[in-house]
Amino acid sequence: MNFSEDWKAFDRDHLWHPYTSMKAPLPVYPVVAAKGVRLVLENGRRLVDGMSSWWAAIHGYNRPELNRALRRQIASMSHVMFGGITHPAAVALGECLVELTPSPIETVFLCDSGSVSVEVAIKMAIQFWHARGRSEKNRLLTIRSGYHGDTFGAMSVCDPVTGMHEIFSGVLPRHYFADAPECAFGSPWDESDILSFEELITAHHEEIAAVIMEPIVQGAGGMRFYSPEYLKQVRMLCDRFDVLLILDEIATGFGRTGKLFACEHADISPDIMCLGKTLTGGYMTLAATLTTRKVSEGISSGSPGLFMHGPTYMGNPLACAVALASIELLLDSPWRERINAIEKSLREGLSPCASMSHVDDVRVLGAIGVVELDQPVDMARVQKRFVEKGVWIRPFGKLVYTMPPYVIGARDLKKITRAICEVVSEL
Ligand code: PMP
């Protein structure tokens, strides 16, 4: 395929990209193929992928096993409605998710994207209390610096500042925000870290349906890694005050932090869990909201006795088939060793940045490496430099970060960390 100048002009004039302007669009790079850990640009240049297409493509691109699973599924059925119908791909995926996720998670709601799974989780929590005759429990408690998606419900629990709540202030529901945890992952625990959260849940539990947060890693809200003790305390407080706990494992699920699910670092489990991104190995959009039997039976009792959500493409067979194949591929691989090796290599490779005067912090957890600068970077300029160095890294704000595919080799990973150190040193 060749991208003519006309195609590029059409893209610039007519296609929205994530978080961009139609008046002053940032440059986009035409990718014509992707294989293994490489993206192929139209000019033939190959870039080592440091982003896993936003946490999703953990096995690299164009995997024969995943291609085969899709071909097999397409030969029997690409899609069929889920209302009044079921099919083998959904059942097999559901079984696998129930088996893998921490007990007592037992039921699965399949939906279209991470944001939608968060909407579903919020609706489930509110419906749970409504069915018990406690409709006043309809607000949420979360922590600052979080990110849960771009739809309205999800946006209402994103960090109010980076989530730009003021633009939508008239329409967004208002929830409670505790201070973000300050105790970093691996640092000593300080009891005062939980105080702001404890105060809010103590004062408002009568109207709080659920706490929602990302376990251990706060992703798009700042790439912060916090202490498992914080999460333990949150679980205890939720139990004490009769508040449900929703854990958004959309970015962290399936091994990224070194555990299959990040909540395992704290040895706790949620009442409702959201999965997405990595779920299909980066092949198709699919997410899932999982709950305990207590939550699913609570919702299904009382009024209206049904869960009020049902997307057109719910349980899409192609997405379910590739998700199952992706999970099998992960579990059949030495993923723990791979993540440990990536973690070690990221620590070594990014360490030179720590001594640079304009770098505020360098942190690594599992297969996530972050360099935080003292001021926001010029994204277009920095992106261009990374492309010139043969790697795909997309910074945002003050953060230059990488979460490579789990299958990346030592040499390619070195190429990524070297490029990050060089580009950061130029800033
Ligand atoms: N929750 C978290 C933790 C995420 O990182 C994201 C995506 N960055 C979402 C929710 C939203 O997922 P999606 O973009 O698929 O709607």
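Along the sequence shown, the residues carry numbers beginning at 1. Just the heavy atoms: all of them, side chains too, but no hydrogens, waters or symmetry mates, feed the values below. Counting convention: from 1, in listed order, for ligands and their atoms alike.
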Once the angle between the rings of Trp392 and Tyr29 is folded into 0 to 90°, is it parallel (under 30°), tilted (30 to 60°) or perpendicular (over 60°)? perpendicular
Would you call Thr291 and Glu106 a side-chain contact if the rule is heavy atoms closer than 4.5 Å? no
Student check: side-chain heavy atoms of Thr252 and Ile216 closer than 4.5 Å: no
Under 4.0 Å from ligand 1 - residues by heavy atom, chain and number: Ser113, Gly114, Ser115, Tyr147, His148, Gly149, Glu214, Asp248, Ile250, Ala251, Lys277
Distance under 6.0 Å and angle within 45° of ring axis: Arg38 vs Tyr61: no
Please list every donor-acceptor pair under 3.5 Å in which a side-chain atom of residues 365-373 meets a protein atom from a residue at least two apart or in another chain.
residue : atom : partner : partner atom : Å
Glu372  : OE1  : Arg363  : NH1          : 2.9
Glu372  : OE1  : Arg363  : NH2          : 2.7

Please determine, by modelled atom types, if Thr142 and His175 share a side-chain donor-acceptor pair under 3.5 angstrom. no
